[in-house]
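For reference, the structure is listed below as structure tokens.
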Amino acid sequence: MIRTPFHLVEFSPWPLTGSLGAMMLTVGLTTWFHTQSLITLLISFILIIMTMLQWWRDIIRESTFQGYHTLKVSLGMRMGMILFITSEICFFFAFFWAYFHSSLAPNMEIGASWPPFYIHPINPFQVPLLNTAILLASGVTVTWAHHSLLYGNQKESTKSMIMTIILGMYFTILQMQEYLETSFSISDSIYGSTFFVATGFHGLHVIIGTMFLSICLMRIMYFHFSTNHHFGFEAAAWYWHFVDVVWLFLYTCIYWWGS
């Protein structure tokens, strides 16, 4: 095997299968919207889940049991995670751009008002405010877990990670119930489109972050992390804090100001 000082320390097929899964997910969602067919969507889910499980398996094997994650490799992974979060910022920036483009100068087709006359927006001081408190609390607990790892306190880090995952799952359940109770849908003008696309993709990121933290919890329980070698957890914590910050912007701009 050729050893290289980069994050991809072994040749891996998972970037290719992950890209194929993402492409099939896009095609599957489009097919579902237009023809109600779920075959392509289900295949994409299976491919993505299998890619995630096997890629995580390889990363755990490389870092914990084979010792391939040297300081040079770890630095490359940190830069990769920073660039990934930067791309996610650009991703959500596009949704905010679309929202403000339509809300700051509403056209005649929606009654020249924002929100449109026939839209009854969600009260920002009910479930959205509770979700804000939940995500802020989860940011506190994941930071608690990080400091517990730094001090080698496995019991406290496990406890705080469980609390973080429960809060993430609770947020997802509340948002799902909120979607079921809204008086408008994604097809209700630009308001419905921007609302559900922005908040829906954020909800997807919360689900992904919860899975990410669940893997970290498993690794904490199996003593995979040490006080000075736990970038897998740090990457998950960075991602979770990013999700928290995006929600604060969503709550302020879409739920509160937009209502």
Side-chain angles (χ1 to χ4, degrees), residues 22 25-38 40-42 44-45 85 87-139 167-211 239-259:
L25 178 63
T26 304
V27 175
L29 285 170
T30 305
T31 305
W32 178 44
F33 286 164
H34 289 279
T35 66
Q36 304 298 310
S37 175
L38 290 172
T40 308
L41 190 61
L42 292 175
S44 69
F45 279 140
I85 292 177
S87 71
E88 291 285 275
I89 292 172
C90 297
F91 180 74
F92 279 99
F93 182 81
F95 301 144
F96 284 105
W97 185 292
Y99 182 81
F100 284 113
H101 173 79
S102 301
S103 62
L104 294 176
N107 56 31
M108 293 299 296
E109 284 76 6
I110 60 174
S113 67
W114 194 266
F117 286 121
Y118 52 86
I119 294 290
H120 300 286
I122 296 171
N123 188 336
F125 299 109
Q126 293 179 350
V127 174
L129 184 59
L130 175 58
N131 270 342
T132 303
I134 290 170
L135 275 190
L136 290 177
S138 71
L167 288 170
M169 294 171 64
Y170 187 34
F171 177 93
T172 302
I173 293 170
L174 286 177
Q175 190 171 36
M176 180 182 66
Q177 291 178 339
E178 178 185 272
Y179 281 0
L180 293 174
E181 295 174 1
T182 52
S183 60
F184 56 92
S185 68
I186 194 172
S187 60
D188 282 322
S189 77
I190 187 64
Y191 184 91
S193 299
T194 52
F195 175 87
F196 281 105
V197 168
T199 60
F201 269 113
H202 176 268
L204 177 63
H205 281 70
V206 171
I207 294 172
I208 294 171
T210 304
M211 296 171 64
Y239 186 85
W240 195 253
H241 288 308
F242 160 75
V243 168
D244 288 351
V245 172
V246 170
W247 175 257
L248 291 177
F249 280 101
L250 283 172
Y251 177 78
T252 304
C253 299
I254 295 181
Y255 283 99
W256 179 68
W257 180 83
S259 63

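All residue numbers in this chain count up from 1 along the given sequence. This one's a predicted model, so the numbers in the text were calculated from it and none came from an experiment.
- Counting heavy atoms from C-beta on, the side chains of Leu248 and Leu136 come closer than 4.5 Å.
- With sequence neighbours excluded, the residues that form a side-chain hydrogen bond (donor to acceptor under 3.5 Å, both in side chains) with His205 are Glu88.
- The closest side-chain heavy-atom distance from Tyr255 to Asn123 is not below 4.5 Å.
- Applying the ring pair (Phe, Tyr, Trp, His ring centres under 6.0 Å) test to Tyr251 and every residue at least two apart in sequence or in another chain returns nothing.
- Listed by chain and residue number, Thr31, Thr35, Ile39 satisfy the side-chain contact (heavy atoms from CB on, under 4.5 Å) test with Ser37 (two or more places apart in sequence, or in another chain).
- With sequence neighbours excluded, no residue forms a ring pair (Phe, Tyr, Trp, His ring centres under 6.0 Å) with Phe96.
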Give the table of side-chain donor-acceptor pairs shorter than 3.5 Å for residues 101-112, with sequence neighbours excluded, one pair per line with atom names and distance.
from: Ser102; atom 1: OG; to: Ala98; atom 2: O; distance (Å): 3.2
from: Ser103; atom 1: OG; to: Tyr99; atom 2: O; distance (Å): 2.9
from: Asn107; atom 1: OD1; to: Glu109; atom 2: N; distance (Å): 3.3

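- The backbone N or O of Val243 lies less than 3.5 Å from a partner atom in the side chain of His202, making a donor-acceptor pair.
- A centroid separation of 6.0 Å or more is found between the aromatic rings of Phe242 and Trp247.
- Checked against the 6.0 Å centroid threshold, Tyr118 and Phe184 do not count as a close aromatic pair.
- Using cut-offs of 30° and 60° on the angle between ring planes, the pair Phe95 and Phe92 is perpendicular.
- Applying the side-chain hydrogen bond (donor to acceptor under 3.5 Å, both in side chains) criterion to Ser44, with sequence neighbours excluded, gives no partner residue.
- Partners of Asp244 according to the side-chain contact (heavy atoms from CB on, under 4.5 Å) rule, which considers only residues two or more places apart in sequence or in another chain, are Leu135, Ser138, Trp240, His241.
- Applying the ring pair (Phe, Tyr, Trp, His ring centres under 6.0 Å) criterion to Phe45, with sequence neighbours excluded, gives no partner residue.
- Among residues two or more places apart in sequence or in another chain, the side-chain contact (heavy atoms from CB on, under 4.5 Å) test is passed with Leu174 by Val127, Leu130, Asn131, Ile134, Tyr170, Gln177.
- Between Ile190 and Trp114, some side-chain heavy-atom pair lies under the 4.5 Å cut-off.
- Take Phe249 and apply the ring pair (Phe, Tyr, Trp, His ring centres under 6.0 Å) test, not counting sequence neighbours, and it matches no residue.
- In this structure, Met176 has no side-chain contact (heavy atoms from CB on, under 4.5 Å) partners at least two apart in sequence or on a different chain.
- Counting heavy-atom neighbours within 6.0 Å of Trp97 CH2, excluding the residue itself, gives a total of 12 or less.
- Qualifying side-chain hydrogen bond (donor to acceptor under 3.5 Å, both in side chains) partners for Thr210, counting only residues two or more places apart in sequence or in other chains: none.
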